[in-house]
Asks: 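Before anything else, here's the structure in question.
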Amino acid sequence: MDAHQAIVTKRDTRSYLPEPVPEEQLEKVLRSARMAGSAKNMQLTRLVVVTDQADRDGLAECGDFTSWIGSAPVVIVFVVPAETGRMFDVGRMAQNLMVAANAEGLATCPVTFQHQGRIRALLGIPDDHEGTMGVTLGRPGPPSDSPLKSKRVELDDLVHRGRWQG
């Protein structure tokens, strides 16, 4: 699958098969995350790869809308320094990981962790760091009938050239 195809076919998935992600595929998507650019090439983001079922279930308690994440065989938590971490860098890294995973036939979904005290205690994250974002990873399960599904905004409605056209 070429890069464009991996981007346009990627969908957020909250349904996973219980089978583990092969180590070779996991390494490939982690290497793809590693290659994301970062502001001033600081490379401040670190990853915690969570595969233990009890820890994945514990992560479900670290966010307000994360009850489903324990079903994913892997949850990757993006950790940054609380004072100097850049969420744009986390997003770039997460997107690299998710597009690479899609090209490998794996499903992903980004998640937000609002409860930093809980996630620090669960994963041993230092007090001066935060794990505010994560990505679930695994083989896609049956598609859901989510009421949140919608068509993409048309390109002509999305893009303004030169200046805002209203």
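Both backbone and side-chain heavy atoms feed into the values below; hydrogens, waters and symmetry mates do not.
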Asks: Does atom CE (M42) have a neighbourhood of more than 12 heavy atoms from anything else shown, all under 6.0 Å?
Replies: no
Asks: Do you reckon V153 sits in the same ILVMFWY cluster as L155, going by side-chain contacts under 4.5 Å, direct or chained?
Replies: yes
Asks: If you round to the nearest 0.5 Å, how far is SG of C62 from CD of Q114?
Replies: 10.0 Å
Asks: Any side-chain heavy atom of V79 within less than 4.5 Å of one from E130?
Replies: no
Asks: Show your working on side chain to side chain contact (heavy atoms under 4.5 Å, CB included) between D157 and E154 and close with a plain yes or no.
Replies: CA-CA 5 Å; D157 294 330; E154 294 296 330; 3.8 Å; yes
Asks: Determine the minimum heavy-atom distance between A101 and T108, stating which atoms define it.
Replies: CB-CG2, 3.6 Å
Asks: Measure the shortest side-chain to side-chain distance between V80 and D89 over non-hydrogen atoms and say whether it is less than 4.5 angstrom.
Replies: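 Result no, sub-4.5 Å side-chain heavy-atom pair not found.
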Asks: Using a cut-off of 6.0 Å, state whether more than 12 heavy atoms not belonging to D128 lie near its atom CG.
Replies: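 Yes - once you tally the heavy atoms of other residues, nucleotides and ligands closer than 6.0 Å, there are more than 12.
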Asks: Check whether any side-chain heavy atom of K28 lies under 4.5 Å from a side-chain heavy atom of E24, and answer yes or no.
Replies: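 Of all side-chain heavy-atom pairs linking E24 with K28, none is under 4.5 Å.
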Asks: With a 6.0 Å cut-off (strictly less than), is the heavy-atom count around CD of Q165, excluding the residue itself, greater than 12?
Replies: yes
Asks: Quick one: closest heavy-atom pair of C109 and W68, and the distance?
Replies: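 Answer, listing the atom of C109 first, then W68: CB-CH2, 3.6 Å.
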Asks: Quick one: which of T136, D55, T66, V49 gives a side-chain contact (heavy atoms from CB on, under 4.5 Å) with V75?
Replies: T136
Asks: Tell me whether L47 shares a hydrophobic cluster with M133, the cluster being built from Ile, Leu, Val, Met, Phe, Trp, Tyr side chains joined at under 4.5 Å.
Replies: yes
Asks: If you compare all heavy atoms of L137 against all heavy atoms of V21, which two are closest, and at what distance to 0.1 Å?
Replies: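 Reported closest heavy-atom pair: O-CG2, 4.1 Å.
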Asks: More than 12 foreign heavy atoms under 6.0 Å from CG of D52: is that the case here?
Replies: yes
Asks: Taking a hydrophobic cluster as the set of Ile, Leu, Val, Met, Phe, Trp and Tyr residues connected by side-chain heavy atoms closer than 4.5 Å, whether directly or through intermediates, do L26 and L97 fall within one such cluster?
Replies: yes
Asks: Do you know which two heavy atoms are closest between Y16 and P73, and how far apart they sit?
Replies: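 The answer is CB-CD, 4.0 Å.
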Asks: Please report the shortest heavy-atom distance between H160 and R163, naming the atom on each side.
Replies: CB-O, 3.7 Å
Asks: Which value, rounded to the nearest 0.5 Å, describes the distance between E23 atom CD and T51 atom OG1?
Replies: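 It comes to 9.0 Å.
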Asks: Between atom NE2 of H129 and atom CD1 of I119, what is the distance when rounded to the nearest 0.5 Å?
Replies: 13.5 Å
Asks: Determine, stepwise, if the pair F78 / V135 fulfils side chain to side chain contact (heavy atoms under 4.5 Å, CB included).
Replies: CA-CA 8 Å; F78 296 78; V135 170; 3.6 Å; yes
Asks: Below 4.5 Å, heavy atoms only, C-beta onward: do M93 and M35 meet side chain to side chain?
Replies: no
Asks: With sequence neighbours excluded, what pairs up with L17 under the side chain to side chain contact (heavy atoms under 4.5 Å, CB included) test?
Replies: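 Only E19, R139 meet the side chain to side chain contact (heavy atoms under 4.5 Å, CB included) criterion with L17.
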Asks: Please examine the side chains of T112 and T132, heavy atoms only from C-beta on, and report whether any two atoms are closer than 4.5 Å.
Replies: no
Asks: Looking only at atom types and distance, does a side-chain atom of Q53 sit under 3.5 Å from a main-chain N or O of G70, one as donor and one as acceptor?
Replies: yes
Asks: Report yes if some heavy atom in the side chain of P110 is under 4.5 Å from a heavy atom in the side chain of D12; otherwise report no.
Replies: yes
Asks: Shortest non-hydrogen contact from F113 to I69?
Replies: CE2-CD1, 3.8 Å
Asks: Report yes or no: do L30 and L123 belong to one cluster of Ile/Leu/Val/Met/Phe/Trp/Tyr joined by side chain heavy-atom distances under 4.5 Å?
Replies: no
Asks: Between N102 and T9, do the side chains contain an N or O donor and an N or O acceptor separated by less than 3.5 Å?
Replies: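 There is such a pair between these side chains.
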Asks: Can you hop from M98 to V29 via hydrophobic side chains spaced under 4.5 Å?
Replies: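 Yes, it is one cluster - the side chains of M98 and V29 are joined through contacts under 4.5 Å.
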Asks: To the nearest 0.5 Å, what is the distance between CG (D57) and OG (S67)?
Replies: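 Spacing of CG (D57) from OG (S67) equals 11.0 Å.
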Asks: How long is the gap from OG1 on T45 to CE on M87, to the nearest 0.5 Å?
Replies: 8.5 Å
Asks: Verify the distance criterion only: is there a donor paired with an acceptor across the side chains of E104 and Q25 at less than 3.5 Å?
Replies: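 Side-chain D/A pair, E104 to Q25: present.
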Asks: Does atom NZ of K10 have more than 12 heavy-atom neighbours, drawn from other residues, nucleotides or ligands, at distances under 6.0 Å?
Replies: yes
Asks: Hey, could you give me the CZ/OG distance between R92 and S38, rounded to the nearest 0.5 Å?
Replies: 7.0 Å
